[in-house]
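Remember, predicted model here, so these are calculated numbers, not experimental data. In what follows, chains are A, B, ... by sequence order, proteins preceding strands, each numbered from 1.
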Amino acid sequence: DPLVSDSELQEMSNQGSKYINKEIQNAVKGVKEIKNLIEKTNEERKTLLTTLEKAKKKKEDALEETKDSELKLKALPQVCNETMMALWEECKPCLKQTCMKFYARVCRSGSGLVGRQLEEFLNQSSPAYFWMNGDRIDSLLESDRQQTHVLDAMQDSFNRVSGIMDTLFQDRFFTQEPQDTHYFSRFGLLLRWPHFLYPKSRLVR
Amino acid sequence: SILPLSPFGSLGFHDDMFQPFFEMIHQAQEAMEPHFHRPAFQPLGKDFTKEVPDNRTVCKEIRRNSTGCLRMKDQCEKCREILSVDCSANNPAQAKLRQELNDSLQVAELLTQKYNELLQSYQRKMFSTSSLLNQLNDQFSWVSRLANLTQGDDQAYLHVSTVSTHNSDSDTPSGATEVVVKLFDSDPITVIMPEEVSRDNPKFMDTVAEKALQEYRKKNRE
């Protein structure tokens, strides 16, 4: 537009550059904001870990109590054996048929081996295992094992990340608070680490 | 002596000073990433300890040691009858112990479920930390690029080369202002300002600069 003079273009450029410069300083602040968010998330994680450890203790106490009850029950003479064995002989074929039908329909892979394995498993199992909910107890113990594995693996990751972040955030790039965003030290050009924000007093000294 | 500080206060550091930072952030990302692909790190589903897990889990259990079949005991009448056999007549102690077992089993199942929910929260913390590391890396890349771009003494980062208003014949909305700027080392960037924001508006150039910077940063990411 011929109406816009060179001096006006220059003034617009200056204004635009001022804005860009502000945004540049915001970009540096943005790094610090993310750092603060990482530290905040890490504090929340540590609090959550404490809660997890308490919950794990309660869960494992309950599991111990369950296993104790199961042991005491197993120690008692079985008084309903005949009844249970009779029922078991009729339960097994139904269970096998139901399971193999499910497996063929849903799991879509060879059921020959699985069928023999199941036959062996049922012949080795006793109705008392059922009657004492042995399957539910074993399922809980399996969950406990998996949960322990998952937490250990997550902890391993977090410990390594926390160590690296602690080292990174100790650098003065992060620890110096800007006294005034216009006082960016040109000293930064000479130093290995970008400690470009110094309080004025440091500059005077 | 302290070098004269430019009125804009340039960043005053080399972009390669960030190299150690990038290396550390990448190490942290590596410490985080691989685990997410391990089976143990598949997001813990609700069924982790739920009574009826998903089919995939049942198939796995059946293949592994047939215990998955026991979950189907409720579909067989004679199996259900085993669970309801009452031995208390012959042995009251046994019935009492069995009740205790069932009660503690229910508590253990409840606590396992609660623990699993906490594990899921913990896993979400992991995902947020991973996302923040990616943001930190991205932001550092940007600041490092700016460090490179602001090495020179010229603090005029943005140059307006042309300003034109549009009447109805062009494809730009009529009354809009088209401003072509160069930002740092960029090719010319064209910013279209709507009629509502006129050149007299004190925010005009801030808005132009903001749009140009967004465009520049987008290109920089690409």
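- Under a 4.0 Å N-O distance rule, the pair B:Glu215/B:Lys211 does not qualify as a salt bridge.
- Contacts between A:Leu49 and chain B at a heavy-atom distance below 4.5 Å involve backbone atoms as well as side-chain atoms.
- Between chain A and the residues B:Ile82, B:Leu83, B:Leu97, the largest count of heavy-atom pairs under 4.5 Å involves B:Ile82.
- The candidate from B:Val107, B:Val181, B:Leu133 with the greatest count of non-hydrogen atom pairs under 4.5 Å with chain A is B:Leu133.
- Contacts of A:Thr167 with chain B are made by both backbone and side-chain atoms, with heavy-atom separations under 4.5 Å.
- In this structure, B:Asn220 and B:Trp142 approach most closely via the heavy-atom pair ND2-CE3, 3.6 Å.
- Contacts of A:Phe130 with chain B are made by both backbone and side-chain atoms, with heavy-atom separations under 4.5 Å.
- Between B:Cys59 and A:Cys107, the SG-SG separation falls below 2.5 Å.
- Looking at B:Val208, neither its backbone nor its side chain comes within 4.5 Å of chain A, counting heavy atoms on both sides.
- Counting only heavy atoms from C-beta outward, the side chains of A:Arg136 and A:Thr66 never approach each other to under 4.5 Å.
- Chosen from A:Val114, A:Leu118, A:Leu63, the residue pairing most often with chain B at heavy-atom distances under 4.5 Å is A:Leu118.
- The contact between A:Met165 and chain B is made entirely by side chain atoms (from C-beta outward), counting heavy-atom distances below 4.5 Å.
- With chain A as partner, the option from B:Glu100, B:Glu210, B:Gln94 having the largest number of non-hydrogen pairs under 4.5 angstrom is B:Gln94.
- Heavy-atom distances place the side chain of B:Leu183, and not its backbone, under 4.5 Å from chain A.
- Not less than 6.0 angstrom separates the ring centroid of A:Tyr19 from the ring centroid of B:Tyr157.
- Contact of the A:Lys59 side chain with the B:Lys114 side chain is not registered, since no non-hydrogen atoms from C-beta on lie closer than 4.5 Å.
- Looking at A:Glu142, only its side chain comes within 4.5 Å of chain B, counting heavy atoms on both sides.
- For the set B:Glu81, B:Arg63, B:Gln75, B:Gln27, the count of heavy-atom pairs under 4.5 angstrom toward chain A peaks at B:Arg63.
- Residues passing the side chain to side chain donor-acceptor pair (under 3.5 Å) test with B:Asn134, sequence neighbours excluded: B:Gln29.
- A:Ser157 approaches B:Ala31 most closely through the heavy-atom pair OG-O, 3.1 Å.
- Cation-pi check for A:Arg45 over A:Phe158 is met; the charged atom lies under 6.0 angstrom from the ring centroid and within 45 degrees of its normal.
- Taking chain A as the reference chain and counting heavy-atom pairs below 4.5 Å, the highest number among B:His159, B:Arg124, B:Lys73, B:Arg56 is found for B:Lys73.
- No part of B:Ser84 comes within reach of chain A, as not one of its non-hydrogen atoms sits under 4.5 angstrom from that chain.
- Checked against a 6.0 Å centroid threshold, the rings of B:Phe140 and A:Phe173 count as neighbours.
- For B:Arg217, no part sits under 4.5 Å from any heavy atom of chain A, backbone or side chain.
- In terms of heavy-atom pairs under 4.5 Å with chain A, the best-connected choice from B:Lys182, B:Lys125, B:Gln135 is B:Lys125.
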